[in-house]
2 protein chains.
Amino acid sequence: MTILEAAAAIRAKKVSSAELTAESLSGIARLQPRLNAFITVTEERAQERARRTDEELKRGIDRGPLHGIPIAVKDVYCMRGVRTTCGSKLFENHVPDRDAAVVERLEAAGAVITGKANMHELAYGITSSNPHFGFVRNARNPEHIPGGSSGGSGSAVAAGMVFMAMGSDTGGSIRIPASFCGTVGIKPTFGRVSRYGVMPLDFSLDHMGPLTRTVRDAAICLGAIAGHDPRDETSSRQPVPGFLPPGQVSIQGLRIGIPENFYFERVDPEVEAAVRRMASAAANLGATLVPVRVPDIRELNVIARVILLAEASAAMEKYLSRRENFGADVLSLLDQGRLIPATDYVNAQRLRRVKQQEFRRIWRQADCLLTPCTPTPAPKIGQTTITIAGESEDARLASTRLVRAINLLGLPALAVPCGVHTSGLPMGMQLIGRPFTEPLLFRVGAALEDVTGFDKRVPPEC
Amino acid sequence: MTILEAAAAIRAKKVSSAELTAESLSGIARLQPRLNAFITVTEERAQERARRTDEELKRGIDRGPLHGIPIAVKDVYCMRGVRTTCGSKLFENHVPDRDAAVVERLEAAGAVITGKANMHELAYGITSSNPHFGFVRNARNPEHIPGGSSGGSGSAVAAGMVFMAMGSDTGGSIRIPASFCGTVGIKPTFGRVSRYGVMPLDFSLDHMGPLTRTVRDAAICLGAIAGHDPRDETSSRQPVPGFLPPGQVSIQGLRIGIPENFYFERVDPEVEAAVRRMASAAANLGATLVPVRVPDIRELNVIARVILLAEASAAMEKYLSRRENFGADVLSLLDQGRLIPATDYVNAQRLRRVKQQEFRRIWRQADCLLTPCTPTPAPKIGQTTITIAGESEDARLASTRLVRAINLLGLPALAVPCGVHTSGLPMGMQLIGRPFTEPLLFRVGAALEDVTGFDKRVPPEC
């Protein structure tokens, strides 16, 4: 069931929030040993809230489509009185005294949070290390990684444990698990969703967004959490539009940019074919495909790396004296970041502005870009290199290669499943738009999702 | 004569641009040995342009109030084919192949540039060192400094060599010379004026603006140079309003904030009295004086220093191998900046955002702030400490103390002379507004200027 279907079922009295919540909690309990998608389950709190939302509906209080829907949040989101670990030994006993803005807004919309999703250490660790709260496994195939850093969120949604799980995306951390787990994921425009109450990793790169089973579900969730928050000094005052595409969505006349350079290079041939099939489908629906040349994304990725390293170390510096609390991979990245001189960081930020300007030219030609999301499906757990057309590449660098630059540009990007690889694993595409055009991305995503034929059902083994 | 008066005289055929330009050039030549306000005089270019503007007017082409008016630009502004030194030995023979956006716009408005104003080395040196192009002296009293870094601009306008001189302001470099020389100076909102073609010092702190004899002249000049420029990636798309206040300006009902903390502490008693007299004058004109508490400006000044040092070193790093090309003071600052870790810079920028947010609360209470501009009048050349009420302070730190934080906040700030000290030197006040409220600052500035009684005439010895 999607959020929209569940919302209809609740209102038709076919099911209650208490029942959906009980199902979510039992699903989490059943799959936790197999997938390890959660760090904390908020069972009592969820049951209490589910009862309350059921009562509200009886009294005619309807908070909209998320009313009574069980969801999860990545363990970077603070919840008052609930342990919030950020996937780190450092915070294993940390209990915040406040809710993140996203938590506040989701609960105000009636959502029921059944747990805190597992994640890479500090949203920063790499998959090949052994994190404090253990590996998450991919619900589509437990021998494979779910991608990171919002891996628990991706696996939990793919396995049907929750209808939605909030992720966070600093260099691809929503879109990579969406692509690897076969879910939808949106990294909104920088400033669109408040970061108040989220453990910061990278000041100028962190973005908050949902992972869901369908594009329309993602649109509903973004609608609940978008908007200005004076407590987040990077929050935008841009008005919040309607996000949900209509039942019959038209993309007639839209100009969809297909990159001629970079995005289809060193990509698994099946992934390329799947994304190009989606482009043809868009053309069949009346969209115009526009070949575009994009600025040098390799250079953007280098700039992103300097900024990422420096900002993460700035955020974590005060904890670094207790080195035993960090995984070796995270510690190595944090130490690298401390050695970056301010002058290099300043020059990276200057270049970033120039590149943002260069990228703007694309929007004269196209309304959005369609690209692969990850160059391959999910690697196996422990796999450190991937091979495409005979060439080897570091698995982590490969997974971030097509998504990381978009954080630097602050643009909205929507990941949507676009097919199944012969390995049986899902493949993902990425739609990139100009700032604050999430409604357009949802329209294109929904139109293509309706024709992709991707089986969104929970894998039978879950 | 003000720009408005000169513009009227030109149109009444009482004077031609060629005559005004000849006067400007002879004034520069006469006063150069005494004040050293210029690095380069663009005599032939200016004469040619003056002839052309006179011909245009004869043919009925009228480019507005700056048509035919002789002005100067600080030697940070690139002019095609004209040496642009930035006050540095490094660029003593540098001849750019392009015009700065500000130069383009001023010339498109008909202005005639008669020279490039002297300045602190790289807009960064301190007054106590001996710059490559020599000291500028204050036109009000040549034994005193004109303030920096736009000292040549301040002295040239005060001495009547030009009607306006463009300055640049990274930590007070327009407002300090305005205050010390008895001129008006506006540091516009960040992004209001294009920085294209200006030698960069600090990516996130540099602002471009004019120094003039009157507030209305400053408004005319800002009108000519404000607006979006795609070549400057920090340029704002905010629409450009009318800046020029009407002849009869009303400030009835405006709420003028008078800081209760920081801004009147450690200020020369005569300066304090002069600014408070201006506050009373504003109240007499119908404005409401609102006592306000401002956030900790000392902390803002510390943040500004970290950002200033790091960004300046980033901009100049590539030249640092030729150390003999720098003054000892500048070299020391550049070396300091190279040692700042990126993590410190990142934390300073984060804190900056928080402080910007804090500062916004002020605008609920007040429409603008009225403060002293510098705590004292201009120190003597060679004077390294100033004394206020028996307490000594570094002269350079004192001069930037009340202005530097505003660059960090990106707010517009207008410096206006507000009286004459018993030493015979001018004293200045500062009006600070919320982003893009320059028109309001000009209104308040013009209303007070009309009642201040400050003698704007050129000193008799010039």
Side-chain angles (χ1 to χ4, degrees), chain A residues 190-191 194-196 200-206 228-235 237 303 305-320 333-361 364 409 435, chain B residues 190-191 195-196 200-206 228-237 303 305-320 333-361 364 409 435:
Chain A
F190 189 75
S194 172
R195 311 191 296 186
Y196 173 79
L201 179 62
D202 280 82
F203 173 55
S204 77
L205 297 170
D206 292 347
H228 182 249
D229 180 358
R231 298 167 300 180
D232 171 2
E233 69 280 3
T234 62
S235 173
R237 289 171 187 275
I303 301 171
R305 190 171 165 78
V306 169
I307 294 176
L308 184 81
L309 283 167
E311 293 186 356
S313 296
M316 299 310 302
E317 204 168 30
K318 59 177 173 290
Y319 305 110
L320 266 178
L333 291 169
L334 290 173
D335 285 339
Q336 282 175 58
R338 289 166 89 193
L339 297 177
I340 295 174
T343 49
D344 284 5
Y345 175 86
V346 170
N347 284 328
Q349 288 285 20
R350 287 176 68 176
L351 217 48
R352 176 188 197 171
R353 294 264 201 159
V354 173
K355 293 284 161 191
Q356 281 173 329
Q357 200 84 4
E358 269 181 47
F359 221 86
R360 262 180 223 142
R361 284 187 218 130
R364 291 190 209 146
L409 300 169
Chain B
F190 189 76
R195 312 191 297 185
Y196 173 79
L201 179 63
D202 280 80
F203 173 56
S204 78
L205 297 170
D206 293 347
H228 183 248
D229 180 358
R231 297 167 301 179
D232 171 2
E233 69 280 5
T234 62
S235 173
S236 166
R237 289 171 188 274
I303 300 171
R305 191 172 164 78
V306 170
I307 293 176
L308 185 81
L309 283 167
E311 293 186 356
S313 297
M316 300 309 302
E317 204 168 29
K318 58 177 174 288
Y319 305 110
L320 265 178
L333 290 169
L334 290 174
D335 284 339
Q336 282 175 57
R338 289 165 90 193
L339 296 177
I340 294 174
T343 48
D344 284 4
Y345 175 86
V346 169
N347 285 328
Q349 289 284 20
R350 288 177 68 175
L351 216 47
R352 175 187 198 172
R353 295 262 201 157
V354 173
K355 293 284 162 190
Q356 282 174 328
Q357 200 84 4
E358 270 182 45
F359 222 84
R360 262 180 224 144
R361 282 187 219 132
R364 292 191 208 145
L409 300 169

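A note on names: the letters A, B, ... follow the listed sequences, proteins ahead of strands, and every chain is numbered from 1.
Proximity to chain B (any heavy atom under 4.5 Å) is shown, for A:T234, by both the backbone and the side chain. Both the backbone and the side chain of A:E311 come within less than 4.5 Å of a heavy atom in chain B. With a threshold of 4.5 angstrom between heavy atoms, B:Q356 does not approach chain A through any atom at all. Both the backbone and the side chain of A:A315 have a heavy atom closer than 4.5 Å to some heavy atom of chain B. Within the 4.5 angstrom heavy-atom criterion, only side-chain atoms of B:P200, from C-beta onward, approach chain A.
A:T343 approaches B:A314 most closely through the heavy-atom pair CG2-N, 3.4 Å. The two residues A:E233 and B:R350 come nearest to each other via the heavy atoms OE2-O, 4.3 Å. The two atoms that bring B:Q349 and A:F203 nearest to each other are O-CZ, 4.0 Å, heavy atoms only.
The candidate from A:A312, A:P341, A:A310, A:G337 with the greatest count of non-hydrogen atom pairs under 4.5 Å with chain B is A:P341.
If you take OG on A:S313 and CG on B:D344, they are separated by 11.5 Å, rounding to the nearest 0.5 Å.
B:Q357 places no side-chain N or O within 3.5 Å of a backbone atom of A:R231 that could act as its donor or acceptor partner.
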